[in-house]
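The first residue of the sequence shown is numbered 1, and numbering continues consecutively from there.
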Amino acid sequence: MQRQLAACLLVLSSSLATPPASAREVVDMAGRTVSVPDVVERPFGAAPPLTALLYALDPSLVHSLNMAFTPGSEHMLRPGTMDLPVLGSAMGHGKQVNPEALLALKPDLALGWLNDKSDLPPAGIEAPFRKVGVPLVYVRLETLADWPPAFEYVGRLVGREARGKQLADYIRRAMARVDQAVARVPAGKRVSVYYAETPDGLATDCDTSFHSEPIALAGGANVYRCEQRTMYGQERVDMERILLWNPQVIVAQDPMFIRTAAGDPRWQRIAALKSGRVLDVPRKPMNWLDRPPSFMRALGIQWLANAFYPDRYRIDMRAETRTFYRLFFGAELSDADLDELLGGGRR
């Protein structure tokens, strides 16, 4: 049986490795020259940010997922999206895509996540795609500023150039508005922020980490000052350090943290809890800030800036959220949707 499977894989991979009759050469964001089909119909995003990018460009381009969308998001997505197979990623942690599953998908192109904190060397990322003969194009997505050129680049690659520019323009405008509002806040006057990522609240990320970038873009001062050491992050800290930092705001990634903090007298001693400035990050259909880090940050930084500096960044978040979801997801949000996404913003 194993010999038969190996033979099947060899035949299929040989057929996929044959360059398409109509192909072109492109230079990817790592500077590599890659032969890709003239018409890309079945791209595979090799990491969650790339699948998110493809979905925003055109949901019909997404044939599998790296990770599931947030449960209860079905009505915000193209019908059937939640039922797509979860193949995993080529990232070095989490579920890893395997050649057999990739062959079954029959992709004609793979998009690889280019960032400076990858857990895998290029050879490790490229191996499963080289094995089955699928061309891999790297797309740089490390900061929110990388998203506009990425949308434009991939938009050209998959024949959705106008759509890519439309999404890129929104992100550039959102970043400019937020930066204009918070740039003049003196360093000593910036809101101090702790990023609580787990149910116990004792895992966080450095101020220099791409995981916590939205806090900095929105003008917050991350109390955990250090250099990012791993791609995954979520570094452990103890309660004593958090008490010493005494942050004015806590950004909570896990909904269970709200209950943890409410029932722990130590958390109740912290300024953010005393003033009720614990921000429960919206998560449908994807997290607005992180895990995965995606284009959702263009909305997330506006939400944070408004929460950090309501007098400086005045915005109707309900109206802006409707606009964002209509543009990026083709979804019309109900008042109940907005209540769920934004009503629990502060706890």
Asker: Indicate yes or no: does Arg322 engage Asp337 in a salt bridge with an N to O separation below 4.0 Å.
Answerer: no
Asker: Could you check, using the six-membered ring where one of them is a Trp, whether Phe308 and Tyr313 have ring centers closer than 6.0 angstrom?
Answerer: no
Asker: So that I can tick it off, tell me whether Arg318 and Asp316 are bridged by a salt bridge, with the cut-off set at under 4.0 angstrom between side-chain N and carboxylate O.
Answerer: no
Asker: Could you walk me through whether Tyr153 and Asp28 pass side chain to side chain donor-acceptor pair (under 3.5 Å), step by step?
Answerer: CA-CA 9 Å; Tyr153 176 82; Asp28 70 6; 5.8 Å; no
Asker: Using distance alone, with no hydrogens and no angle criterion, decide if Glu126 and Tyr138 have a side-chain donor and acceptor under 3.5 Å apart.
Answerer: yes
Asker: Between Arg172 and Ala145, is there a donor-acceptor pair closer than 3.5 Å when you use the side chain of the first and the backbone of the second?
Answerer: no
Asker: Check whether any side-chain heavy atom of Met175 sits under 4.5 Å from a side-chain heavy atom of Ile301, and report yes or no.
Answerer: yes
Asker: Identify the two heavy atoms, one from Val191 and one from Gln248, that lie closest to each other, and give their separation to 0.1 Å.
Answerer: CA-OE1, 3.4 Å
Asker: Any side-chain donor-acceptor pair under 3.5 Å between Asn222 and Tyr194?
Answerer: no
Asker: Please round to the nearest 0.5 Å and tell me the distance separating atom OG1 of Thr70 and atom CE of Met82.
Answerer: 7.5 Å
Asker: Kindly check if the number of other-residue, nucleotide or ligand heavy atoms within 6.0 Å of CZ (Arg326) is above 12?
Answerer: yes
Asker: Once you measure the plane-to-plane angle for Phe328 and Phe295, does it fall in the parallel (<30°), tilted (30-60°) or perpendicular (>60°) bin?
Answerer: parallel
Asker: Taking CD in Glu74 as the centre, count heavy atoms belonging to other residues, nucleotides or ligands within less than 6.0 Å. Is the count above 12?
Answerer: yes
Asker: For the CD atom on Glu227, are there more than 12 heavy atoms of other groups (residues, nucleotides or ligands in this structure) within a distance under 6.0 Å?
Answerer: no
Asker: Which atom names give the shortest non-hydrogen contact between Gly233 and Asp205, and what distance separates them?
Answerer: CA-OD1, 3.3 Å
Asker: Has Arg24 got more than 12 heavy atoms of other residues, nucleotides or ligands less than 6.0 Å from its CZ?
Answerer: yes
Asker: On the ring face of Tyr232, is Arg291 found with NZ or CZ under 6.0 Å from the centre and within 45° of the axis?
Answerer: yes
Asker: Which pair of heavy atoms, one from Ala305 and one from Val178, lies closest together, and at what distance?
Answerer: CB-CG1, 4.0 Å
Asker: Salt bridge check, Arg236 against Asp200: does any charged N sit closer than 4.0 Å to a carboxylate O?
Answerer: yes
Asker: Are Thr51 and Leu65 side-chain neighbours, meaning at least one heavy-atom pair lies under 4.5 Å?
Answerer: yes
Asker: Using a strict cut-off of less than 4.0 Å between a Lys/Arg side-chain nitrogen and an Asp/Glu carboxylate oxygen, indicate whether Arg140 and Glu142 qualify as a salt bridge.
Answerer: yes
Asker: To check you understand the geometry: which heavy-atom pair defines the closest contact between Gly220 and Val193, and what is its length?
Answerer: CA-CG2, 4.0 Å
Asker: Is the closest side-chain heavy-atom distance between Leu105 and Arg42 below 4.5 Å?
Answerer: yes
Asker: Under the side chain to side chain contact (heavy atoms under 4.5 Å, CB included) rule, what do Val27 and Arg32 come out as? Steps first, then yes or no, please.
Answerer: CA-CA 5 Å; Val27 177; Arg32 300 157 60 251; over 6 Å; no
Asker: So, taking the atom named CG in Leu341 and the one named CH2 in Trp303, what distance separates them when rounded to the nearest 0.5 Å?
Answerer: 10.5 Å
Asker: Verify the distance criterion only: is there a donor paired with an acceptor across the side chains of Glu332 and Tyr325 at less than 3.5 Å?
Answerer: no
Asker: Applying the side-chain contact (heavy atoms from CB on, under 4.5 Å) test to Phe44, which of Leu111, Leu54, Val62, Leu87 qualifies?
Answerer: Leu87
Asker: If you define the side chain from C-beta out and look only at heavy atoms, does anything of Asp116 sit under 4.5 Å from Phe210?
Answerer: no
Asker: How far apart are the C-alpha atoms of Leu327 and Leu167, what are their side-chain angles, what is the distance that settles it, and do they pass the side chain to side chain contact (heavy atoms under 4.5 Å, CB included) test?
Answerer: CA-CA 8 Å; Leu327 174 61; Leu167 301 177; 3.8 Å; yes
Asker: Counting only N and O atoms by type, is there a donor-acceptor contact under 3.5 Å from the side chain of Lys95 to the main-chain atoms of Val86?
Answerer: yes
Asker: Please give me the minimum heavy-atom distance between Asn306 and Met317, naming the atom from each residue.
Answerer: OD1-CG, 4.2 Å
Asker: Using 30° and 60° as the class boundaries, would you call the ring planes of Phe257 and Trp267 parallel, tilted or perpendicular?
Answerer: perpendicular
Asker: With the side chain counted from C-beta on, respond yes when Phe324 and Met296 share a heavy-atom pair under 4.5 Å apart, and no when they do not.
Answerer: yes
Asker: Out of the candidates Arg283, His211, Glu213, Gln253, only one should pair with Leu289 under the side-chain contact (heavy atoms from CB on, under 4.5 Å) rule; please name it.
Answerer: Gln253
Asker: Any side-chain heavy-atom pair from Leu141 and Asn115 closer than 4.5 angstrom?
Answerer: no
Asker: At their closest point, which heavy atom of Ile258 faces which heavy atom of Ala252, and how far apart are they?
Answerer: CD1-CB, 4.2 Å
Asker: So, does Asp169 use its side chain to make a donor-acceptor pair with the main chain of Gln166 at under 3.5 Å?
Answerer: no
Asker: Answer whether the closest heavy-atom distance between the side chains of Val278 and Leu273 falls below 4.5 Å.
Answerer: yes
Asker: Give a yes or no on whether the backbone of Leu77 and the side-chain of Thr81 come within a donor-acceptor separation of less than 3.5 Å.
Answerer: no
Asker: Verify the distance criterion only: is there a donor paired with an acceptor across the side chains of Gln180 and Arg177 at less than 3.5 Å?
Answerer: no
Asker: Heavy atoms, side chains only, cut-off 4.5 Å: are Pro48 and Ser89 in contact?
Answerer: yes
